[in-house]
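Structure, as structure tokens:
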Amino acid sequence: MRAEQPRMAAAAIPRPSAGVQAPGTVTSLPIEKGYWAVDISWAQAIREADPNGLPDDIPFTYLDEKIDYLGELAVKRYETLGGHRYRLHGRASYGNGDPIEVPSRTDIIVNSRTSFTATSNDSMGSSTTRYTHCPTSQIPRAIREIFEG
């Protein structure tokens, strides 16, 4: 029986399964690039978006390789926490005029390539936000122009 114990102990070590990353730094997130509705469905966000309003009033954010932010968070580094959880490290900006910048982190749970939930924590407090991917073809041109500059 003792001769079998070392093999049994080695067999009990969990191995990462396909598609699940072990903790560490990653260069991108397993989500679609493009437009994301914030705390509502993409169809509802399109109905509520006012291209003549202030950018802060538009219920979308845009994520891609060039624009690396999530709301007010300027992302500097992505970290996988294992499973479908990730931590985004960066700086958050608050306020109008001269913004206040503070170190920040956001933890996200990726539900699918088109859905994730984010929890932000910084010196200004914490919040939880749900994001739903919006097909670019469904975004009105006037809204796209706000993000594309």
Side-chain angles (χ1 to χ4, degrees), residues 10-149:
I13 298 171
R15 306 273 188 243
S17 62
V20 176
Q21 294 181 321
T25 299
V26 293
T27 57
S28 64
L29 299 173
I31 59 174
E32 295 294 326
K33 306 303 183 221
Y35 296 92
W36 289 80
V38 181
D39 278 334
I40 55 179
S41 72
W42 65 265
Q44 185 178 355
I46 290 169
R47 283 192 303 273
E48 292 182 9
D50 178 5
N52 299 316
L54 298 172
D56 289 347
D57 296 334
I58 296 174
F60 291 105
T61 193
Y62 187 85
L63 303 171
D64 72 7
E65 294 84 12
K66 297 180 300 245
I67 303 171
D68 234 9
Y69 66 87
L70 189 65
E72 290 84 25
L73 177 66
V75 178
K76 303 293 183 198
R77 179 172 60 94
Y78 301 111
E79 174 186 7
T80 178
L81 303 175
H84 302 286
R85 298 176 305 120
Y86 297 84
R87 179 163 291 155
L88 287 59
H89 299 270
R91 297 190 67 76
S93 298
Y94 297 96
N96 296 326
D98 294 328
I100 300 168
E101 283 204 5
V102 295
S104 183
R105 76 162 207 258
T106 296
D107 291 348
I108 70 168
I109 297 172
V110 175
N111 305 311
S112 70
R113 290 196 61 80
T114 59
S115 172
F116 67 91
T117 304
T119 303
S120 298
N121 296 293
D122 58 40
S123 62
M124 302 296 277
S126 69
S127 64
T128 299
T129 308
R130 183 179 54 88
Y131 292 83
T132 305
H133 186 259
C134 306
T136 301
S137 62
Q138 300 298 315
I139 305 292
R141 180 182 198 98
I143 300 297
R144 288 195 319 261
E145 288 174 353
I146 292 170
F147 287 96
E148 294 168 4

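Atom set for the values below is all heavy atoms of this structure, side chains included, hydrogens, waters and symmetry mates excluded.
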Are the side chains of [Y] and [X] in contact, using a 4.5 Å heavy-atom criterion?
X: W36; Y: L63; result: yes
X: Y86; Y: V26; result: yes
X: T119; Y: S127; result: no
X: L29; Y: I108; result: yes
X: H133; Y: S115; result: no

Partners of R85 by salt bridge (Lys or Arg N to Asp or Glu O under 4.0 Å), sequence neighbours excluded?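 R85: no salt bridge (Lys or Arg N to Asp or Glu O under 4.0 Å) contacts found.
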Please report the closest heavy-atom contact between P59 and A45, naming both atoms and the distance.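 Heavy-atom minimum between the residues: CG-O, 3.6 Å.
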Looking only at heavy atoms, which two atoms of S28 and K33 are closest? And how far apart?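 S28 and K33 have their closest heavy atoms at CB-NZ, 4.4 Å.
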For the pair I40 and E48, evaluate side-chain contact (heavy atoms from CB on, under 4.5 Å) and give the outcome as yes or no after the intermediate values. CA-CA 10 Å; I40 55 179; E48 292 182 9; 3.8 Å; yes
Backbone of V75 reached by a side-chain donor or acceptor of H89 within 3.5 Å: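 No; judged by distance alone, with no hydrogens or angles, the pair does not exist.
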Just by distance, do the side chain of R144 and the backbone of I139 share a donor-acceptor pair under 3.5 Å?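 Yes, R144 side chain to I139 backbone: donor-acceptor pair under 3.5 Å.
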Going from [atom1] on [X] to [atom2] on [Y], what distance comes out if it is rounded to the nearest 0.5 angstrom?
X: C134; Y: E32; atom1: SG; atom2: CD; value: 12.0 Å
X: D39; Y: Q44; atom1: CG; atom2: CD; value: 10.0 Å
X: K76; Y: L88; atom1: NZ; atom2: CG; value: 12.5 Å

Kindly write out the residues that satisfy side-chain contact (heavy atoms from CB on, under 4.5 Å) with S137, not counting sequence neighbours, or none if the list is empty.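 Expected list: P135.
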Listed by chain and number, what are the side-chain hydrogen bond (donor to acceptor under 3.5 Å, both in side chains) partners of T132, not counting sequence neighbours?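 Expected list: R130.
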Does W42 have its ring centroid less than 6.0 Å away from the ring centroid of Y35?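 W42 vs Y35: aromatic centres not under 6.0 Å.
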As a test of understanding, state which of T117, I31, T61 forms a side-chain contact (heavy atoms from CB on, under 4.5 Å) with Y131.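 That would be T61.
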